[in-house]
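Down below is the structure, laid out as structure tokens.
These numbers come from a predicted model, not from an experiment. In listed order, ligands and their atoms are each counted from 1.
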Amino acid sequence: MERTFVILKPDAVQRGLVGEIVARFERRGLKIVGMKFMAVSEELARRHYAVHQGKPFFSGLIQYITSGPVVAMVLEGTDAIQVVRRTIGATRPAEAEPGTIRGDLGLEIGRNLVHGSDGPETAAFEIDLWFGDDLVAWSRATDPWIFE
Ligand code: IDP
Ligand code: MG
């Protein structure tokens with residue numbers, strides 16, 4: 001079983017899309033093991049997006065992610081990292097497939113609604129950065145009908 005880290009970015013919260021987006025992950029079968037509604041400090045934003053430091057969009061990205069509250073989540077499931085990335089869709093919403101979150105709900109790269117970890121090392125780093133040990137391992141009643 002794999003875990004991955006997700007952010008519903010400030011535009012998702014401001015547009016009232018939290019329920020819509022969480023519902024897509026739930027329906028997919030992913031299990032919520034961490035979730036919090038929070039303001040993002042500039043320090044946390046810079047650490048989270050450290051790999052993008054120096055790129056032309058970096059300061060705009062920090063401004064975007066700190067511009068309002070977010071919902072941070074840890075999701076668990078079979079191949080959760082890849083499944084979440086594919087459920088979210090391409091970074092550029094205009095290129096994201098219809099049926100994906102970005103492909104159904106977004107238009108611009110700087111307002112692309114959701115973050116999902118891009119690999120096992122990133123997921124481990126991001127889960128630790130945002131949640132530490134503040135996760136809930138639980139047995140879900142539907143697990144046997146979702147996980148074989
Ligand atoms: P990802 O979120 O699909 O993993 P990354 O390439 O890791 O995409 O970029 C992180 C975030 O930075 C994107 O989700 C987007 O919000 C923002 N971003 C990336 N490239 C650009 C750009 O060219 N212009 C504006 N924002 C960008
Ligand atoms: Mg990324």
> Salt bridge check: are Lys31 and Asp143 linked by an N-O gap of less than 4.0 Å?
Replying inline: yes

>> Looking at Tyr64, I'd like to know if the NZ or CZ of Lys9 sits under 6.0 Å from its six-membered ring centre while staying within 45 degrees of the ring's axis.
In response: no

> Can you find a side-chain donor-acceptor pair between Glu42 and Thr66 that sits under 3.5 Å?
Replying inline: no

> For Arg24, what residues pass the side chain to side chain donor-acceptor pair (under 3.5 Å) criterion, not counting sequence neighbours?
Replying inline: Glu20, Asp104

Can you list, pair by pair, the side-chain donor-acceptor contacts under 3.5 Å of residues 48-61, counting residues two or more places apart and other chains?
from	atom 1	to	atom 2	distance (Å)
His48	ND1	Trp130	NE1	3.1
His52	ND1	Lys55	NZ	3.0

> Taking ILVMFWY side chains as joined if any heavy atoms are under 4.5 angstrom apart, and letting links pass through other members, which residues group with Met35?
Replying inline: Val6, Leu8, Val13, Leu17, Val18, Ile21, Val22, Phe25, Leu30, Ile32, Phe37, Val71, Met73, Leu75, Val83, Val84, Ile88, Ile101, Leu105, Leu113, Val114

> Around ligand 1, what residues show up once you keep those with a heavy atom under 4.0 Å from it?
Replying inline: Lys9, Tyr49, His52, Phe57, Leu61, Tyr64, Arg85, Thr91, Arg102, Ile109, Asn112

